[in-house]
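Beneath this line is the structure, given in structure tokens, with notes to follow.
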Amino acid sequence: MFKVWYHDNKSFAEYLIKITNLSKYNPQIEKISLGRNFAENPDTIQKILYLDIPDAIITYGFPEKPVLGVEFCAEAPSGHDIFQRVARVAASASFGTSFAFIFPEKKWVVREIGGRWDIYNPLPLRALVNISTFHKVPALPFFWEANQISGNESEGFLLTDKEFPNMPDRNSKEMKQFAEFVNLTIAYVLQNRNFEEMMFDPFILERVAWMWDRYHERYRRKPNLFDWSPLTSCRIIKTSELIKLVKEKIGREPNLPHYVVDRAETVVYEPSTRNFRSDPYTGSLVGIDYLTCRNGETVRHRYRNLVIHFPQVSFQKMKSMFVRYYKEECPFRPSNRETDTYLTLHLRDGCRYTKQKELRIYCYIADLLLFRDAALY
DNA sequence: AGTTGTGAGGGAACCATCGC
DNA sequence: GCGATGGTTCCCTCACAACT
């Protein structure tokens with residue numbers, strides 16, 4: 001009845017089963033099918049992958065219904081890097097799948113002289129509170145703890161598990177909380193109670209209080225939202241200024257949708273990269289949306305417009321990306337002779353699930369994409 | 001002068017695909 | 001099969017800025 005799906009590392013699924021009540025139900029382990037085999041995934045799994053792919057997904061019953069997504073992240077939690085996984089949290093939550101996002105509280109980073117702790121950025125915690133609130137489903141963070149006494153020195157002193165050396169120590173306080181959350185989710189599923197009701201479970205309420213507590217613990221050092229990454233690369237402008245900016249780029253009055261014109265303010269995310277790339281900007285964009293633009297479940301529920309601007313990237317760079325996809329991979333390319341499930345997937349859904357992540361996330365989330373020389377809206 | 005947070009850029013590892 | 005190739009993802013490096 002329960003199944004655990006994994007993306008590329010089977011030990012994630014095995015660990016998850018081992019440390020939770022999932023082990024009582026003898027769940028099957030399956031690999032998520034990607035690339036040309038994407039259509040082999042159950043429809044419900046396909047849906048929650050429309051932006052990005054988590055490390056593990058727990059499903060229940062037949063046809064498989066996703067009940068929990070899990071992400072294990074071991075990278076240093078400061079700056080914008082940690083945001084690169086946020087798109088997968090939001091995608092799951094927006095289809096009613098609860099989520100657990102595990103990332104380091106801190107990590108020791110070796111420098112040429114000595115080293116220092118890289119400590120968590122508070123904004124992911126706040127972004128997760130908003131994701132939970134808007135989608136009425138728990139999306140909770142758990143800390144991967146670290147210390148210099150019992151931590152693994154080669155992993156920045158993260159506490160690692162004895163049996164699964166790449167995973168967090170199951171005996172740490174936070175991983176016990178995580179296991180409790182998984183067990184609670186299983187209990188709700190078995191009792192056929194919905195996740196909206198679970199939002200009011202004492203465990204979740206306590207955890208949300210914990211999230212705010214840990215948020216403020218860091219935030220009070222610099223109590224201004226836009227002083228923390230990735231909002232440090234954002235600015236708020238009047239929408240009338242946005243229209244002027246677009247006009248400069250395209251040389252004529254843009255015909256923007258009324259709902260964009262009607263919002264008084266616009267958040268512009270402006271990374272100064274010279275490359276059109278996905279990580280970490282795609283995930284950051286989703287985080288920025290939930291932190292400063294959204295006030296509801298969908299991209300239309302926004303009190304501010306969300307724009308991503310690549311001032312140093314030409315439209316040609318993006319275009320070459322989707323042209324390559326069309327010429328070499330898309331089943332709609334004129335030279336394609338295959339009549340397989342990959343073609344059928346495209347006849348049904350277009351390239352929603354198969355085109356490059358950059359194109360999926362930027363185009364789905366942003367109200368406008370601005371390049372050095374072009375505007376897409 | 002030291003501390004802290006940032007973010008562009010890139011390396012390593014992995015993966016899928018292709019031609020032989 | 002097997003190596004080459006090219007794409008993607010995860011995570012790290014390091015210069016720099018803004019502060020104390």
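Protein chains get the first letters and strands the later ones, always in sequence-line order, with residue 1 at the start of each.
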Protein-nucleotides 9-13 of chain B N/O pairs closer than 3.5 Å?
residue	atom	partner	partner atom	Å
B:dG9	OP1	A:R274	NE	3.2
B:dG9	OP1	A:R274	NH1	3.2
B:dG9	OP1	A:R274	NH2	2.2
B:dG9	OP2	A:T273	OG1	3.3
B:dG9	OP2	A:R274	N	3.1
B:dG9	N7	A:R277	NH1	3.4
B:dG10	N7	A:R277	NH1	3.2
B:dG10	O6	A:R277	NH2	2.8

A:Q84 side-chain proximity, nearest of B:dG7, C:dC10, C:dG7: C:dC10

Roughly how many Å is it from [atom1] in [X] to [atom2] in [N], rounded to a whole number?
{"X": "A:R218", "N": "B:dG5", "atom1": "CZ", "atom2": "P", "result": "4 Å"}
{"X": "A:W108", "N": "C:dC12", "atom1": "CH2", "atom2": "C1'", "result": "17 Å"}
{"X": "A:E75", "N": "B:dA8", "atom1": "CD", "atom2": "P", "result": "15 Å"}
{"X": "A:R116", "N": "C:dT20", "atom1": "CZ", "atom2": "P", "result": "17 Å"}
{"X": "A:N166", "N": "C:dC10", "atom1": "CG", "atom2": "P", "result": "15 Å"}
{"X": "A:Y269", "N": "B:dT6", "atom1": "OH", "atom2": "P", "result": "12 Å"}

DNA chain C: A:A74 or A:D227, which has the more 5' nearest nucleotide? A:A74

What's the separation between atom OG1 in A:T341 and atom CG in A:N37, rounded to the nearest 0.5 Å? 6.5 Å

Using atom types as modelled, flag every donor-acceptor pair under 3.5 Å from a side chain in residues 208-215 of chain A to any protein atom, sequence neighbours excluded.
residue	atom	partner	partner atom	Å
A:R214	NE	A:E217	OE1	2.8
A:R214	NH2	A:E105	OE2	2.8
A:Y215	OH	A:R126	NH1	3.0

Salt-bridge criterion met for A:E265 and A:R235 (N-O under 4.0 Å): no

When you look at A:K222 and A:D227, which way does the salt bridge (charged side-chain N to carboxylate O under 4.0 Å, His left out) test go after all the steps? CA-CA 7 Å; A:K222 286 193 296 182; A:D227 281 347; over 6 Å; no

What class does the angle between the rings of A:F276 and A:F371 fall in, given that below 30° is parallel, 30 to 60° is tilted and above 60° is perpendicular? tilted

Please write out each protein N/O paired with an N/O of nucleotides 14-17 of chain B under 3.5 Å, distance rounded to 0.1 Å.
residue	atom	partner	partner atom	Å
B:dT17	OP1	A:R36	NE	2.9

